[in-house]
Amino acid sequence: MARLDEDRIRQLFEKSGALLTGHFLLSSGLHSGQYLEKFRLVENPEALEPMCAELAERFREAGPQIVLGPTTAGIILAYNIARHLGVMARFAEPASSGRALRRGQTLPPHSRVLVVDDILTTGLSVRECLDVVKEHGAEVVGVGVLADRSGGKADPGVRLEALWHADIPAYRPEECPLCRQGVPLTKPGSRAGIG
């Protein structure tokens, strides 16, 4: 399989409608003129499948035995990447503190685990998944993400493979040029507005 370069990954985001332009309030509280809507990818197998195959190939030599992702889109990623690797998948759900494996899921001690996520922004979900691996006495072989929009700031401390290093600026509200221009602010996700 030919490797997917960053230009091709960006094209898949754009073609799927996953790269949005506007004025967005991010979950971090920062503002941005672009937003990566992961659900446009996970509903589009034509775009997501080659990305999952690419991440699987990048980590195949590391010998992962389990692929772990955070809920919600991470479940789909973990399953598909695990399928390409011929291994098992797990998902970590929100817990009172961080994330946890539920529904009878386990990570055997010393098992080799690949952590995957969709968009790396602050790295919180990835860090929570890394904590789950550590709590179970398993070994992390790396972290794979579809896109890293952190500008290198969300370093998980292990091998990181990002299919696209998305250079998307984010601003504190008081420094946001879009606010100064009067562009309406929207909160992406399940709620259409910020009100």
Side-chain angles (χ1 to χ4, degrees), residues 4-48 50-52 54-55 69-78 91-99 115-132 143-195:
L4 295 177
D5 63 21
E6 292 206 21
D7 287 338
R8 180 65 182 133
I9 297 298
R10 181 185 174 96
Q11 290 169 6
L12 289 170
F13 269 84
E14 290 173 345
K15 183 178 178 184
S16 298
L19 177 59
L20 305 178
T21 301
H23 183 194
F24 302 101
L25 174 62
L26 306 178
S27 59
S28 64
L30 298 175
H31 293 196
S32 181
Q34 290 183 309
Y35 181 74
L36 300 176
E37 179 48 85
K38 61 192 168 221
F39 290 104
R40 295 298 75 81
L41 289 173
V42 298
E43 70 186 13
N44 184 346
E46 185 180 335
L48 189 62
M51 292 182 189
C52 290
E54 178 68 23
L55 280 174
T71 53
T72 299
I75 296 172
I76 297 167
L77 291 173
F91 60 93
E93 299 181 68
S96 59
S97 175
R99 290 186 180 268
V115 172
V116 298
D117 201 5
D118 41 45
I119 313 301
L120 185 68
T121 302
T122 65
L124 178 60
S125 295
V126 165
R127 285 191 307 276
E128 290 173 341
C129 285
L130 293 173
D131 289 344
V132 168
V143 172
V145 296
L146 302 180
D148 178 358
R149 70 165 289 160
S150 78
K153 294 176 186 159
D155 180 4
V158 296
R159 175 183 171 193
L160 171 65
E161 290 282 341
L163 297 183
W164 178 29
H165 294 87
D167 184 19
I168 301 174
Y171 311 96
R172 293 194 315 236
E174 62 274 11
E175 298 171 349
C176 179
L178 298 164
C179 286
R180 286 194 296 269
Q181 295 169 17
V183 177
L185 182 66
T186 59
K187 170 86 173 97
S190 60
R191 293 186 312 158
I194 62 169

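Because the structure is predicted, anything quoted here is derived from the model rather than measured.
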For Arg159, enumerate each residue passing the salt bridge (Lys or Arg N to Asp or Glu O under 4.0 Å) test, keeping only those at least two apart in sequence or located in another chain.
-> Glu61, Glu161
Examine distances only and state if a side-chain atom of His31 and a backbone atom of Cys176 form a donor-acceptor pair shorter than 3.5 Å.
-> no
For the [atom1] atom of [X] and the [atom2] atom of [Y], what is their distance to the nearest 0.5 Å?
| X | Y | atom1 | atom2 | value |
| --- | --- | --- | --- | --- |
| Arg40 | Glu14 | CZ | CD | 16.0 Å |
| Lys15 | Leu41 | NZ | CG | 12.0 Å |
| Ile168 | Asp148 | CD1 | CG | 10.0 Å |
| Glu175 | Leu30 | CD | CG | 9.5 Å |

Start with the C-alpha gap between Leu19 and Leu36, add the side-chain angles, then the distance that decides, and say whether side-chain contact (heavy atoms from CB on, under 4.5 Å) holds.
-> CA-CA 5 Å; Leu19 177 59; Leu36 300 176; 3.5 Å; yes
Contact between [X] and [Y] at the side-chain level, heavy atoms closer than 4.5 Å - yes or no?
| X | Y | answer |
| --- | --- | --- |
| Thr71 | Pro94 | yes |
| Thr122 | Ser150 | no |
| Leu185 | Leu178 | no |
| Asp131 | Arg99 | no |
| Leu4 | Leu163 | no |
| Leu20 | Pro188 | no |
| Leu146 | Lys38 | no |
| Leu26 | Tyr35 | yes |

Check each of Thr121, Val116, Asp117 against Val126 using the side-chain contact (heavy atoms from CB on, under 4.5 Å) test, and report the only one that passes.
-> Asp117
Looking at every heavy atom in both [X] and [Y], which two are closest together, and how far apart are they?
| X | Y | value |
| --- | --- | --- |
| Pro169 | Arg149 | O-NH2, 3.9 Å |
| Ala47 | Leu12 | O-CD1, 3.9 Å |
| Ser125 | Pro70 | CB-CG, 4.0 Å |
| Pro50 | Pro45 | CD-O, 4.0 Å |
| Gly69 | Cys129 | C-SG, 4.1 Å |

Residue set satisfying ring pair (Phe, Tyr, Trp, His ring centres under 6.0 Å) with Phe13, at least two apart, ordered chain then number -> Trp164
Show your reasoning for whether side-chain contact (heavy atoms from CB on, under 4.5 Å) applies to His23 and Cys179.
-> CA-CA 8 Å; His23 183 194; Cys179 286; 3.4 Å; yes
Verdict with reasoning, Val132 to Val115, per side-chain contact (heavy atoms from CB on, under 4.5 Å) | CA-CA 10 Å; Val132 168; Val115 172; over 6 Å; no
Carboxylate-amine/guanidinium contact Glu6 Arg10, below 4.0 Å | no
Yes or no on side-chain contact (heavy atoms from CB on, under 4.5 Å) for Leu160 and Leu120, after CA distance, side-chain angles and deciding distance?
-> CA-CA 10 Å; Leu160 171 65; Leu120 185 68; 3.9 Å; yes
Whether over 12 other heavy atoms sit under 6.0 Å from Glu46 CD |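 No, the 6.0 Å shell around CD holds no more than 12 heavy atoms from other groups.
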